[in-house]
Amino acid sequence: MLRETFDEVPELYDRARPSYPDRLVSELARATGLGPDSRVLEIGPGTGQLTLSIAQFGCRITAVELGPALAAMARRKLAAFPLVDVEVADFERWQPPHEPFDLVVCATAFHWIDPALGVRKAADLLRPGGRFALITTEHVAGGTIDFFARAQRCYERWDPATPPGVRLRDASQITTDIGELQRSARFETVEETRHLRDITYSADQYIDVLLTYSGHRALHDTARQGLLTCIRELIESQYGGSVTKSYLHELFIAARR
């Protein structure tokens, strides 16, 4: 399964994937009342990028991660926080404790879960008035814009599944599908905040990021190597060895009725 490819490279994933912006974490904490008395469930923590930020608030965290190698790295990163417990399980089949949570949060992982089941289970796990928070991440138009248009030729050459002429969309054009959460009678109105930022990568760093994406990892070795070589040569020959990528992080929060 594609979602299991992340567990193949936990060190690379932890090094290459960006953490979440401080202002997003601050908004999450403010809107959900995070503090020492909070009981938090995190779905799909990966290597603990968001978990580490939440743990700073002194709350008790249960993090449910599918990949044992990712979970092991998260435990190492969070060793200084005894109130954090990282469990290896498939969230859809995970058997939760009886005591409800104050916050259920999932960062850039909820698309791997059946949305109807995920929303229903989150509601079951929350106390009345508890919050369900979703964070999504999109690559949007910005940064070194023409590089991403030219890099598309590399994808069209080496990945036959690439649709022709794909271009990045402006953040204003992004509409994230959270329909199951919006339609659920068990949650109040969903509140949304958006957080844009740019990150500049060297050629090596950008290749590392690409190697953490499931679609790239699923390519045949020859095609993947050809694609990455094509992109590296473009960065080094035409862009002075570095490119800037624009990210949109969206934070959705809903209170359980």
Side-chain angles (χ1 to χ4, degrees), residues 2-3 5-25 44-53 67 69-70 73-74 77 107-109 111-112 135-159 161-163 165-174 176 194-219 221-251:
L2 281 178
R3 68 175 180 170
T5 61
F6 305 114
D7 203 52
E8 299 169 354
V9 285
E11 292 83 5
L12 178 63
Y13 188 97
D14 189 62
R15 182 177 74 248
R17 283 292 183 102
S19 58
Y20 294 93
D22 290 343
R23 63 186 184 279
L24 183 152
V25 175
T47 60
Q49 285 100 326
L50 180 66
T51 326
L52 187 60
S53 297
L70 292 169
M73 171 152 281
K77 285 178 62 175
T108 320
H111 56 285
W112 294 112
I135 299 169
T136 64
T137 302
E138 294 275 359
H139 178 196
V140 296
T144 315
I145 296 176
D146 61 320
F147 160 73
F148 295 103
R150 296 175 70 178
Q152 196 62 27
R153 300 170 194 162
C154 297
Y155 285 93
E156 291 172 1
R157 177 182 177 187
W158 291 103
D159 183 0
T162 302
V166 172
R167 293 294 181 268
L168 292 171
R169 293 181 294 164
D170 187 81
S172 63
Q173 298 175 306
I174 300 295
T176 302
R194 292 184 152 210
H195 305 267
L196 280 164
R197 65 167 170 173
D198 289 350
I199 298 179
T200 298
Y201 297 102
S202 68
D204 285 344
Q205 290 169 333
Y206 189 67
I207 295 301
D208 280 350
V209 171
L210 296 183
L211 282 171
T212 68
Y213 295 154
S214 58
H216 293 68
R217 299 200 62 78
L219 287 173
D221 289 348
T222 301
R224 183 171 59 250
Q225 189 57 48
L227 171 63
L228 299 179
T229 298
C230 181
I231 290 174
R232 180 188 295 279
E233 290 176 350
L234 180 61
I235 296 172
E236 292 179 342
S237 65
Q238 302 297 319
Y239 296 93
S242 67
V243 291
T244 299
K245 182 174 181 177
S246 294
Y247 291 93
L248 168 66
H249 302 284
E250 293 178 280
L251 171 62

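Listed here is the closest heavy atom pair of Leu12 and Leu211: CD2-CB, 3.7 Å. Among all heavy-atom pairs drawn from Arg167 and Ala149, the shortest one is NE-CB, 3.7 Å. In this structure, Tyr201 and Gln205 approach most closely via the heavy-atom pair CA-OE1, 3.5 Å. Of all the heavy atoms in Met73 and Pro10, the pair that sits closest is SD-O, 3.4 Å. Across all non-hydrogen atoms, the minimal contact from Arg197 to Pro18 is NH2-CB, 3.3 Å. Shown here for Asp14 and Lys77, the closest heavy-atom pair between the two residues is OD1-NZ, 2.8 Å.
Relative orientation of the Tyr206 and Phe147 rings is perpendicular, given thresholds of 30° and 60° on the angle between their planes.
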Which donor-acceptor pairs under 3.5 Å do the side chains of residues 135-145 make with protein atoms, sequence neighbours left out?
{"residue": "Thr136", "atom": "OG1", "partner": "Glu250", "partner atom": "OE1", "Å": "3.4"}
{"residue": "Thr137", "atom": "OG1", "partner": "Thr108", "partner atom": "OG1", "Å": "3.0"}
{"residue": "Thr137", "atom": "OG1", "partner": "His249", "partner atom": "ND1", "Å": "3.1"}
{"residue": "Thr144", "atom": "OG1", "partner": "Thr244", "partner atom": "N", "Å": "2.8"}

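Residues satisfying the ring-ring contact (aromatic ring centres under 6.0 Å, His included) criterion with Tyr155, sequence neighbours excluded, are His216. Looking at residues two or more places apart in sequence or on another chain, you find a salt bridge (charged side-chain N to carboxylate O under 4.0 Å, His left out) between Asp221 and Arg224.
For the pair Arg15 and Asp208, the salt-bridge criterion is met [side-chain N within less than 4.0 Å of a carboxylate O].
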Derivation and outcome, side chain to side chain donor-acceptor pair (under 3.5 Å), residues Asp146 and Tyr239 | CA-CA 10 Å; Asp146 61 320; Tyr239 296 93; 3.0 Å; yes
Step by step, work out the side chain to side chain donor-acceptor pair (under 3.5 Å) result for Ser202 and Asp204.
-> CA-CA 5 Å; Ser202 68; Asp204 285 344; 5.4 Å; no
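Ile174 CD1 to Arg169 CZ: the interatomic distance, rounded to the nearest 0.5 Å, is 3.5 Å.
Environment of CG in Asp22: sparse, with no more than 12 heavy atoms of neighbouring residues, nucleotides or ligands closer than 6.0 Å.
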